[in-house]
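As structure tokens, the structure follows; a few thoughts come after it.
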Amino acid sequence: MILSFTDMYHATPVLLRGRVVSGADHQPVSRAYITAVQGEEETLTDTSGNFTLRTWQALPVTITIQHGDYKSGKLVISDTSQLQQVQLLRR
């Protein structure tokens, strides 16, 4: 399989939006580290657990979510029209 640069990246950025919460009590997880698996895009959640990640990758985009107090998570985003909800479980 041969992929070109244009197969992997869009001419305009894609905006991924979501919220990270604790799986136990649904409280926001602040300062969770969000990264796109391919590429170098990264961001942190705010105090309400919200994040916005701008990427040049074509959908679907896989992101990882990491926080020192929780098990890491992974999410495949294929629809950007809705806010993504991510639940992390405590270690």
Side-chain angles (χ1 to χ4, degrees):
M1 180 175 182
I2 299 173
L3 293 175
S4 69
F5 179 78
T6 56
D7 292 331
M8 292 178 60
Y9 298 95
H10 274 264
T12 58
V14 175
L15 193 61
L16 309 175
R17 298 176 306 114
R19 184 165 189 249
V20 179
V21 297
S22 169
D25 58 10
H26 299 281
Q27 292 299 307
V29 176
S30 65
R31 302 202 48 84
Y33 182 60
I34 314 292
T35 57
V37 171
Q38 292 182 341
E40 298 180 4
E41 299 95 355
E42 59 187 27
T43 191
L44 291 172
T45 56
D46 63 15
T47 56
S48 299
N50 298 312
F51 70 87
T52 301
L53 182 67
R54 186 177 310 269
T55 181
W56 293 92
Q57 297 178 47
L59 294 176
V61 174
T62 302
I63 62 170
T64 58
I65 305 95
Q66 299 173 317
H67 189 283
D69 296 335
Y70 296 87
K71 295 179 183 177
S72 296
K74 193 176 275 193
L75 177 67
V76 177
I77 300 174
S78 56
D79 179 9
T80 60
S81 65
Q82 296 183 20
L83 187 72
Q84 305 296 314
Q85 180 89 359
V86 179
Q87 293 184 15
L88 295 181
L89 301 175
R90 286 219 176 254
R91 292 184 183 262

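Nothing fancy with the numbering, it's 1 onward along the sequence.
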Spell out, yes or no, whether [X] and [Y] are grouped together once hydrophobic residues are joined by side-chain heavy atoms under 4.5 Å, including indirect joins.
{"X": "I65", "Y": "Y33", "value": "no"}
{"X": "V21", "Y": "Y70", "value": "no"}
{"X": "V86", "Y": "L59", "value": "yes"}

Is there side-chain contact between [X] and [Y], with at least one heavy-atom pair below 4.5 Å?
{"X": "T52", "Y": "T43", "answer": "no"}
{"X": "V20", "Y": "I34", "answer": "yes"}
{"X": "T80", "Y": "V14", "answer": "yes"}

Measuring from [X]:[atom1] to [Y]:[atom2], what's the distance to the nearest 0.5 Å?
{"X": "L53", "Y": "R17", "atom1": "CG", "atom2": "CZ", "answer": "12.5 Å"}
{"X": "E40", "Y": "T55", "atom1": "CD", "atom2": "OG1", "answer": "11.0 Å"}
{"X": "I63", "Y": "I77", "atom1": "CD1", "atom2": "CD1", "answer": "4.0 Å"}
{"X": "L16", "Y": "L83", "atom1": "CG", "atom2": "CG", "answer": "11.0 Å"}
{"X": "L75", "Y": "Q87", "atom1": "CG", "atom2": "CD", "answer": "11.5 Å"}

- Are T47 and S30 close enough that a side-chain donor and a side-chain acceptor fall under 3.5 Å?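 Short answer, no.
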Between [X] (side chain) and [Y] (backbone), is there a donor-acceptor pair under 3.5 Å?
{"X": "Q84", "Y": "Q82", "answer": "yes"}
{"X": "R19", "Y": "N50", "answer": "no"}
{"X": "T64", "Y": "K74", "answer": "no"}

Return the minimal non-hydrogen interatomic distance between [X] and [Y], and the atom names on each side.
{"X": "F51", "Y": "L44", "answer": "CB-O, 4.4 Å"}
{"X": "R90", "Y": "K71", "answer": "O-CE, 3.9 Å"}
{"X": "E41", "Y": "R54", "answer": "CG-O, 3.2 Å"}
{"X": "P60", "Y": "S78", "answer": "CB-CB, 4.0 Å"}

